[in-house]
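Down below is the structure, laid out as structure tokens.
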Amino acid sequence: MAVIQREITIADAADRLSKELPGHRVEVLQGRLTVTPPADGAHALSLSWLVVESDKAGAPQAGLEYAQAIGLWLPSGPDDYAIPDFALVEADFLDHPVGKNCYPPHVFRLVVEVTSSNWSDDLGTKADCYAQAGIPVYLVADRRHDEAVLYTDPRGGEYRSRKPFKRGTSVPLPESIGISLELPVDRLLDGRRPEAGR
């Protein structure tokens, strides 16, 4: 009996893994398949807090929506896409689907990642991919190094500005995102209210 083998594409592999690993985040970054386990509680609280802060800052009135875990199509490869933890996007982003539940980079104003086991991707590969895509503002709550890192000014496939912020300080997001927002680093990293303790 003959065995027929079919070469599987990275896009097919990503689809298959998404079905076999529910709750895991499957992404293709620079032609490389990455899988991240479900977020922990502090991670989830940070993202919920970002939703509340974005709403209080007037995102809907500024023509923006906030979303968690929506696909971002990347120009770094034919099948590349990321699923940022949090994003501020143009209010009409649903009118611009690209495929595979992804949207084009031009509808994203801000992307936020809260590090998990994949911290090196958030600080390296994703920073490169988001800069190549022209994402104007990229913020990483870097729990591995206990700081927040703000990337801005994407030009020539890289961010021209990278500013770290330590605990006890706040990250002032550029008003070019469409709203005025300053985020305390401790809350970004821990997810819980300061009075809740560590």
How far apart are the C-alpha atoms of Arg109 and Glu90, what are their side-chain angles, what is the distance that settles it, and do they pass the salt bridge (Lys or Arg N to Asp or Glu O under 4.0 Å) test? CA-CA 7 Å; Arg109 296 261 190 105; Glu90 301 289 338; 2.7 Å; yes
State plainly whether one hydrophobic cluster holds both Ile179 and Val112, where clusters connect Ile, Leu, Val, Met, Phe, Trp and Tyr through side-chain heavy atoms under 4.5 angstrom apart. yes
Taken to the nearest 0.5 Å, the spacing of Leu45 CG from Arg187 CZ works out to 7.5 Å
Considering all heavy atoms of both residues, which atom of Pro154 and which atom of Ala131 are nearest to each other, and what is their separation? CB-O, 3.8 Å
Identify the heavy atoms of Thr152 and Pro174 that sit nearest to each other, and give their distance. CG2-CG, 3.8 Å
Lys/Arg-Asp/Glu bridge criterion (N-O < 4.0 Å) met for Asp121, Lys126: no
So that I can tick it off, tell me whether Arg155 and Asp153 are bridged by a salt bridge, with the cut-off set at under 4.0 angstrom between side-chain N and carboxylate O. yes
Pair up each side-chain donor or acceptor in residues 93-104 with any protein partner under 3.5 Å, not counting sequence neighbours, and list the distances.
from	atom 1	to	atom 2	distance (Å)
His96	NE2	Asp92	OD2	3.3
Lys100	NZ	Asp15	OD1	2.5
Lys100	NZ	Asp15	OD2	3.3

To check you understand the geometry: which heavy-atom pair defines the closest contact between His43 and Arg143, and what is its length? N-NH1, 3.6 Å
Run the side-chain contact (heavy atoms from CB on, under 4.5 Å) check on Thr125 and Asp128 step by step: do they pass? CA-CA 5 Å; Thr125 307; Asp128 293 342; 5.7 Å; no
Identify the two heavy atoms, one from Glu147 and one from Leu189, that lie closest to each other, and give their separation to 0.1 Å. O-CD2, 3.5 Å
Of all the heavy-atom pairs spanning Leu88 and Ile177, show the shortest one and how long it is. CD1-CD1, 3.9 Å
State yes or no: do Leu139 and Val114 share one hydrophobic cluster built from I, L, V, M, F, W and Y residues joined by side-chain heavy-atom distances below 4.5 Å, directly or via other members? yes
Taking atom types as modelled, find out whether Thr9 and Asp12 have a side-chain donor-acceptor pair closer than 3.5 angstrom. yes
Could you check if a side-chain atom of Val137 sits within less than 4.5 angstrom of a side-chain atom of Leu150, using non-hydrogen atoms only? yes
Validation row: Leu181, Glu53 side chains within 4.5 angstrom (heavy atoms): yes
Determine, step by step, whether Arg162 and Val149 satisfy the side-chain contact (heavy atoms from CB on, under 4.5 Å) criterion, reporting the C-alpha distance in whole Å, the side-chain angles of both residues, the deciding distance to 0.1 Å, and the verdict. CA-CA 7 Å; Arg162 179 192 182 279; Val149 182; 3.6 Å; yes
side-chain contact (heavy atoms from CB on, under 4.5 Å) for His145 and Lys166? Distances and angles first, verdict last. CA-CA 9 Å; His145 300 100; Lys166 297 292 184 193; over 6 Å; no
Sequence neighbours left out, cut at 3.5 Å: what donor-acceptor pairs do the side chains of residues 57-77 make with other protein atoms?
from	atom 1	to	atom 2	distance (Å)
Tyr66	OH	Asp55	OD1	2.6
Ser76	OG	Asp80	OD2	2.6

Considering only heavy atoms from C-beta outward, does the side chain of Trp49 approach that of Pro184 to under 4.5 Å? yes
Rounded to the nearest 0.5 Å, what's the gap from OG on Ser46 to CG on Leu183? Could you check? 10.5 Å
Heavy-atom closest pair, residues Leu29 and Ala82: CD2-CB, 3.9 Å
State plainly whether one hydrophobic cluster holds both Leu21 and Ile10, where clusters connect Ile, Leu, Val, Met, Phe, Trp and Tyr through side-chain heavy atoms under 4.5 angstrom apart. yes
Min side-chain heavy-atom separation Arg16-Ser18 under 4.5 Å: no
Partner of Glu113 under side-chain hydrogen bond (donor to acceptor under 3.5 Å, both in side chains), picked from Tyr138, Tyr130, Trp119, is Tyr130
From CD (Glu27) to CD1 (Ile83), nearest 0.5 Å: 5.5 Å
With the 4.5 Å side-chain cut-off for hydrophobic clustering, are Val185 and Leu123 part of the same group? no
Give, for atom CG of Leu110 and atom CD1 of Ile135, the distance between the pair rounded to the nearest 0.5 Å. 9.5 Å
Which distance, rounded to the nearest 0.5 Å, do you find between the CG of Leu50 and the CG of Asp85? 9.5 Å
With heavy-atom distances below 4.5 Å as the criterion, would you say the side chains of Thr36 and His24 are in contact? no
With a 3.5 Å distance limit and no angle check, can you tell me whether Tyr151 reaches the backbone of Lys163 through a side-chain donor-acceptor pair? no
Would you find a donor on one side and an acceptor on the other, under 3.5 Å apart, between the side chain of Asp190 and the backbone of Arg192? no
Quick one: pull up OH in Tyr81 and SG in Cys129 and give me the separation to the nearest 0.5 Å. 13.0 Å
Among Val171, Asp142, Leu188, the one residue meeting side chain to side chain contact (heavy atoms under 4.5 Å, CB included) with Phe165: Val171
